[in-house]
Amino acid sequence: MAFGVLALQGDFAAHAAALRALGVGVRDVRRCRDLDGLSGLVLPGGESTTLLKLMADEPWFDALARFHGEGGALFGTCAGAILLAREVRGPAQPSLGLLDAVVERNAYGRQVESFETTLDAPALGGSIGGVFIRAPRLRALGPAVEVLARHDGEPVLVREGSVLAATFHPEIAGEARVHRLFVESARAAVVA
Ligand code: GLN
């Protein structure tokens, strides 16, 4: 099984390192055709507006919808989660609509723009580490979306089928369990 990391902008190298540490094959994805043969793709954190501009060079929206439709697993962190959402606020911008969620960008306000914390994640065996950097907040979730971790009661790690999204950065916190979950869910999809 091979995994890819969208390597247009943001902290894609940290995700590639996190996946390699789990012993899986990883390659950078810079063109739509690089998706061929991948079981899963990480959409990294960075700046979602910049990512959208860079994605205008190729038919990424169609290619990622097809990848998802053919069973490819997707994992978005922070800006990547914003790209996956059904609706983006603060301000509104285009998104892939592969996760039934309403996301508000930069939603923690200026005083607490960035922070590191421990998250309540019973689905992952207890508490996990997370770094929030100008993070979004999940303002509404569709009925098929499972909450896997919370911060102060609010959802911060969610899953809808083969789509996993975190508003924080596990790859910066040295937190391997979220990437492991992603790899395992992609494997399960292959077996199913
Ligand atoms: N604030 C960024 C955005 O709106 C996301 C920040 C991040 O990915 N750490 O796209």
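Reckoned from all heavy atoms, side chains included, excluding hydrogens, waters and symmetry mates. Counting starts at 1 for both ligands and their atoms, following the listed order.
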* Asked: Are L98 and F61 connected in a single hydrophobic cluster, I mean Ile/Leu/Val/Met/Phe/Trp/Tyr linked by side-chain heavy atoms less than 4.5 Å apart?
  ->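 Looking at the clustering, L98 is in the same group as F61.
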* Asked: Roughly how far, to the nearest 0.5 Å, is CZ of R137 from OG1 of T167?
  -> 9.5 Å
Check ligand 1 against [X] and write out every atom of the ligand that is under 4.0 Å from a heavy-atom position of the residue.
X	result
G45	8 (O)
I82	3 (C), 4 (O), 10 (O)
S48	3 (C), 4 (O), 10 (O)

* **Residue, atom name and distance, where the atom is the protein heavy atom closest to atom 7 (C) of ligand 1** => C78 SG, 2.8 Å
* atom 1 (N) of ligand 1: nearest protein contact (heavy atom, Å) -> N106 OD1, 2.6 Å
* CA sep, side-chain torsions, deciding dist, call: L119, T117, side-chain contact (heavy atoms from CB on, under 4.5 Å) -> CA-CA 6 Å; L119 304 164; T117 189; 3.8 Å; yes
* Going by the angle between their ring planes, with limits at 30° and 60°, are H15 and H179 parallel, tilted or perpendicular? ->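 Geometry flag for H179 against H15: tilted rings.
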* Asked: Do R150 and D120 meet the salt-bridge criterion of a basic N to acidic O distance under 4.0 Å?
  -> no
* Asked: Nearest heavy atom to atom 6 (C) of ligand 1: which of A107, G46, G80 does it belong to?
  ->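 Ranked by closest heavy atom to atom 6 (C) of ligand 1, first place is G46.
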* **Nearest option to atom 2 (C) of ligand 1, as decided by whichever heavy atom of E47, Q9, E104, Q93 sits closest** =>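 The nearest heavy atom belongs to E47.
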* Asked: If you measure every N/O of T77 against every N/O of ligand 1, is any gap under 3.5 Å?
  ->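 No, there is no polar N/O contact under 3.5 Å.
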* When you measure from the side chain of R159 to the backbone N and O of L164, does any donor-acceptor pair fall under 3.5 Å? -> no
* Region of R105 that comes within reach of ligand 1 [heavy atoms, distance under 4.0 Å] -> side chain
* Structure fact -> Checking heavy atoms under 4.0 Å, the part of L51 that sits near ligand 1 is neither
* Check whether the side chains of Q93 and S48 place a donor and an acceptor atom closer than 3.5 Å, and report yes or no. =>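 Side chains of Q93 and S48: pair found under 3.5 Å.
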